[in-house]
There are 2 protein chains.
Amino acid sequence: MNAPHFSTRQRILDSAEALFARHGFAGASLRQVTAAASVNLAAVNYHFGSKENLINEVFRRRLDELTTQRLQALAAVQARPDHGLDDVLDAFVRPALVLVPDEHGGAGFVRVLARAYAEHNEQLRKFMHDNYGPALRQFASAFAKLLPDLDKQELYWRLDIVSGALTYAMADFGMIKRRGISEQQHRDLAAEHLIKFAAAGLRAR
Amino acid sequence: MNAPHFSTRQRILDSAEALFARHGFAGASLRQVTAAASVNLAAVNYHFGSKENLINEVFRRRLDELTTQRLQALAAVQARPDHGLDDVLDAFVRPALVLVPDEHGGAGFVRVLARAYAEHNEQLRKFMHDNYGPALRQFASAFAKLLPDLDKQELYWRLDIVSGALTYAMADFGMIKRRGISEQQHRDLAAEHLIKFAAAGLRAR
DNA sequence: GTATGCTTCAAACGCCCGTTTGAGCGTGCG
DNA sequence: CGCACGCTCAAACGGGCGTTTGAAGCATAC
């Protein structure tokens with residue numbers, strides 16, 4: 001499944017991400033993960049200490065990447081003096097598209113992220129809040145500048161709504177089947193619609 | 001945990017719903033469920049056949065209720081000739097608030113629903129599509145009448161976004177902590193903000 | 001060449017899982 | 001009464017779980 005020239009550690013992370021996405025954290029066993037990674041069972045505990053810790057590492061790896069890219073995109077947008085709501089939303093949404101697909105048609109990390117929300121695990125939530133929060137606050141202030149009449153509490157509610165819609169749209173949870181398009185196409189379209197929708201939603205009076 | 005005068009069947013369903021919400025379908029064991037319900041372990045297989053089937057029954061019970069209430073509310077709204085977008089959205093969102101809380105602070109069925117989305121299980125999805133789909137189509141046509149200029153594909157995308165945001169908001173997945181309010185208050189507020197946001201999003205051009 | 005330290009390996013640990021079994025229970029009908 | 005039926009129960013089934021162990025491999029440094 002994984003090319004043998006990648007490190008054991010990395011192959012475990014890749015397989016774990018794909019299997020957690022498909023079967024959930026409790027539903028995917030270390031035996032499945034290590035088999036998919038062509039790695040000995042004990043390697044997980046050797047490299048990560050425990051399953052719990054492996055889950056955290058799966059997150060850290062991608063969230064760091066996601067946050068970095070978002071903030072980069074935001075900085076680029078804010079450098080342009082005429083930037084609008086759509087641009088900031090794009091900086092928020094677009095990076096989530098990139099780190100998405102795994103090699104075998106799964107939705108990869110975005111779906112893991114959705115799992116994590118659903119888990120409602122306090123530890124995971126704190127971890128996400130710590131790593132996510134500062135970046136989110138930067139976006140909030142970028143939005144606040146573009147929506148000077150919007151109450152701060154109101155803005156935070158709406159950003160939460162955008163995050164939720166983003167997560168669900170990216171993970172392709174919708175009830176409506178859209179035939180003949182790839183997962184990647186689906187997510188591009190979803191991003192497009194989401195940005196338009198969210199821009200109007202944020203401007204609501 | 002459950003009053004003893006309820007039937008074994010019902011106590012199992014209640015406990016299962018709460019535990020599936022908290023720990024997921026794979027994460028909550030039948031031993032936990034039956035212990036919480038003060039019921040013999042074998043009772044699950046006696047009354048439901050299998051764990052898989054228990055999960056389905058947990059859904060059927062609430063989804064039937066939810067769909068019925070939504071369609072009732074929609075009918076009431078459509079009876080008024082001057083109804084607007086907010087009213088239809090209210091009919092869609094409000095019933096989700098009602099069937100929410102379990103007795104011990106958990107978020108109950110709404111969180112189970114969010115789990116189901118995250119599971120991405122084909123069988124569950126088909127089940128939801130079959131039971132959900134017709135009602136969703138009724139709402140779609142109610143929205144379409146109020147948004148005559150909106151392309152049909154576009155509308156479906158936006159309704160998917162609304163569903164995602166609704167699920168996410170109801171299950172209280174947000175990153176932002178809001179102190180000093182109960183789960184119920186949180187959901188009332190979430191519904192209010194969601195409706196305002198979604199109405200504007202649906203009207204986006 | 002041998003000692004060192006990181007990594008991999010097969011095997012085993014005890015535990016919990018979903019499910020099945022067959023005996024036991026109470027109720028109500030013939 | 002007796003017997004059938006719906007339900008509950010404790011116990012056991014095989015199997016999969018996360019984790020631990022100690023030996024084996026294999027480079028690098030001395």
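All chains are named by letter (A, B, ...) in the order of the sequence lines, taking the proteins before the strands, and each is independently numbered beginning at 1.
Distance, A:Phe25 CZ to D:dG18 C1': 17 Å, rounded to whole Å. Residue B:Gln32 contributes atom CD, which lies 10 Å from atom C1' of C:dC16 at whole-angstrom precision. C:dA12 atom C1' lies 10 Å from atom CZ of A:Arg31, rounded to whole Å. Distance CG (B:Leu41) to P (D:dC7): 18 Å, rounded to an integer number of Å. The distance from atom CD1 of B:Ile12 to atom P of D:dC7 is 12 Å, rounded to the nearest whole Å. Regarding B:Leu30, its CG atom lies at a distance of 12 Å from the C1' atom of C:dC16, rounded to whole Å. Computed from coordinates, the A:Phe6 CZ to C:dT8 C1' distance equals 20 Å when rounded to whole Å.
A sub-4.0 Å separation between OP1 or OP2 of C:dC17 and a side-chain N or O of B:Ser29 is present. Phosphate proximity of D:dA10 to B:Asn40: present, with a side-chain N or O under 4.0 Å from OP1 or OP2.
Against DNA chain D, the stretch residues 45-54 of chain A makes heavy-atom approaches under 4.0 Å through A:Asn45, A:Ser50, A:Lys51.
For the residue pair B:Ser50 and B:Val44, the shortest heavy atom distance occurs at O-CG1, 4.5 Å. Contact between A:Ala96 and A:Val110 at its shortest, heavy atoms only, is O-CG2, 3.6 Å.
Ring planes of B:Phe139 and B:Phe92: perpendicular class, angle over 60° (limits at 30 and 60°).
Residue B:Ala42 is in base contact, counting any heavy-atom pair closer than 4.0 Å across all strands shown.
Note on B:Arg70 versus B:Asp90: no salt bridge recorded, every NZ/NE/NH1/NH2 to OD/OE distance being 4.0 Å or above. The pair B:Asp87-B:Arg94 does not meet the salt-bridge criterion, since no charged nitrogen lies less than 4.0 angstrom from a carboxylate oxygen.
Formation of a donor-acceptor pair under 3.5 Å by the B:Gln78 side chain with backbone atoms of B:Ala75 is not found in this model.
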